[in-house]
Amino acid sequence: MEIMKKYSFLAICFSSLLLGSCNSGSVSTLQEEILFSLKYGNFEEQISIDDLNNVGEVRTGIAMRDGFFYIVDGKAEKTMELNSYGDLLSIFYNEDSKTAELINKSLKSADTVRQPLSFPFDYPGQIAVDSNKCIYAACSIGKNRQEIGEEGLVQNQLVLRYERDGSFSDYIGQQGPGGTPFPLINNIYVTQKDELVVICNADDGFIAYWFGKDSFLKYTAKINTENAPKLKGMDIKTETYMTIGNVIPSPTEYKLFVNIDYYANYLDEDSMIQSGVNYVQTLLYSLDCETETFGDPISIPPYEESVVVDYSRLSYKIAYDFLGITESGWKYFIVKTSDGFNIEMIQSENQKILRRHLNVNHDKNLYYTMCLSPTGIITALYLDNDNAKVVWYRTDNLIDAIVKN
């Protein structure tokens, strides 16, 4: 069923006393913990990257669950399971790929569980793992199998599901096992109940497919600029616009969280001619899949930075990207800065906001992908000129310490 255009509008305001360091110029740095590195190459324990300096798509993704790491290598058509020391525990690969050829020719006696999969898949990079270590990975299919949806969207992706021991289960489409292919998948998630949620890109927004534990479709939600909440109750005289940044499911409830960035035309005061577009506000809405209604929004404070130009100090605001939600209800937002990333963590129920900085040298870091664990650990895969590095940031310990105090 399609989510209806029913919603109430009441922004939750956070007092300046609770913002802490949010309005100050300094933000504490969160320590990076380097776990392990992987070399580039075509062998089973390596990342298959030819040349990061060439323009092209890097089809690499990462998921972390209970201290185990799952890395998708789209070019090599494989998924690796590793422990926190970087030891390869399992590898799942296309039996018709070059990875399979190398493994078959290898005389190396490995302790890893090598599992070929007969389904001819091509990984774009999205991956999720449930509490039973069942692996879900997005895959693209050939043109001979793709379909065109009602709205003209090309439907050419599925979600593979296979057990940790390597036994292949099936693939999931729009209706469930064996279903119609999805449009372009933005990301996939697994909830606390081990239910799969697939978020797909669509015109001016997203389509969410929520599956029950039996893997059959439970809810469908279309969120776009036509049915999303408009900006109201604001003293804005010019026309406003919206951009739907991301849609992420709640880990514990049948709700989708939708973050929307609002913009307004900027009019020159002297000529009264439109001369640009200004950022106005970011709001985070909950969308109840059962009642088909939007909840009251949360106002997400933007990232603010000042620069000096011709002896004048200019301040500008940038909207955060929506990273994820923990099982305890903390919403994570991230923005790239000149020397790393800023993380904003919000718990609307207790009106708490935490901000931390992650130091990253972007000159050396040529590609990155991140994921958020259900407990609140940020895991990052950084690719530089020499190797791939897996790190994590223990924001879970930070939140636990603050909650206890």
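When a residue number appears, it is its place in the shown sequence, counting from 1.
- Between Leu153 and Ile207, the closest side-chain pair of non-hydrogen atoms falls below 4.5 Å.
- Taking 4.5 Å as the limit, some side-chain heavy atom of Tyr136 sits within range of a side-chain heavy atom of Ile172.
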Using the rule given for side chain to side chain donor-acceptor pair (under 3.5 Å), can you reason through Glu327 versus Thr252, listing the C-alpha separation, both sets of side-chain angles and the distance that settles it, and then say yes or no? CA-CA 6 Å; Glu327 290 180 348; Thr252 57; over 6 Å; no
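- Between the side chain of Ser250 and the backbone N or O of Tyr254, no donor-acceptor pair lies under 3.5 Å.
- In summary, Lys39 and Asp386 do not engage in a salt bridge, as defined by a charged side-chain N under 4.0 Å from a carboxylate O.
- Remark: side-chain polar atoms of Asn342 are not paired, donor with acceptor, to backbone N or O of Ile334 under 3.5 angstrom.
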Set out, in order, the CA-CA distance, both residues' side-chain angles and the distance that settles ring pair (Phe, Tyr, Trp, His ring centres under 6.0 Å) for Phe211 and Phe216, then state yes or no. CA-CA 5 Å; Phe211 300 90; Phe216 286 96; 8.8 Å; no
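- Side-chain contact check for Tyr171 versus Val159: every heavy-atom pair is 4.5 Å or farther apart.
- Lys389 has no carboxylate O lying under 4.0 Å from a charged side-chain N of Asp384, or vice versa, which leaves the two without a salt bridge.
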Derivation and outcome, ring pair (Phe, Tyr, Trp, His ring centres under 6.0 Å), residues Tyr263 and Tyr241: CA-CA 5 Å; Tyr263 300 85; Tyr241 309 91; 8.3 Å; no
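- Here the side chain of Asn397 pairs no donor or acceptor atom with the backbone of Arg394 at under 3.5 angstrom.
- Between Pro229 and Tyr285 the shortest side-chain heavy-atom distance falls below 4.5 Å.
- Counting heavy atoms from C-beta outward, Asn186 and Val247 have side chains that stay 4.5 Å or more apart.
- Annotation: side chain of Glu290 is in contact with side chain of Tyr219 (closest heavy-atom distance under 4.5 Å).
- In this structure, Glu195 does not pair ionically with Lys213, as no charged nitrogen and carboxylate oxygen lie closer than 4.0 Å.
- Phe43 CZ: 12 or fewer foreign heavy atoms inside a 6.0 Å radius.
- At distances below 3.5 Å, at least one donor-acceptor pair connects side-chain atoms of Tyr279 with backbone N or O atoms of Thr282.
- Sorted by first and then second residue, the ring-ring contact (aromatic ring centres under 6.0 Å, His included) pairs involving residues 338-365 (not counting sequence neighbours) are Phe341-His362, Phe341-Tyr368.
- At least one side-chain heavy atom of Lys331 sits less than 4.5 Å from a side-chain heavy atom of Phe257.
- Side chain of Tyr70 to backbone of Ala63: no donor-acceptor contact under 3.5 angstrom is found.
- In this structure, Phe92 and Glu163 have side chains that are not in contact, with every pair of non-hydrogen atoms separated by 4.5 Å or more.
- Enclosure of atom CD in Glu147 by more than 12 non-hydrogen atoms of other residues, nucleotides or ligands within 6.0 angstrom is indicated.
- Between the Lys230 side chain and the Glu226 main chain, a donor and an acceptor come within less than 3.5 Å of each other.
- A donor-acceptor contact shorter than 3.5 Å links the side chain of Asp73 to the backbone of Ser48.
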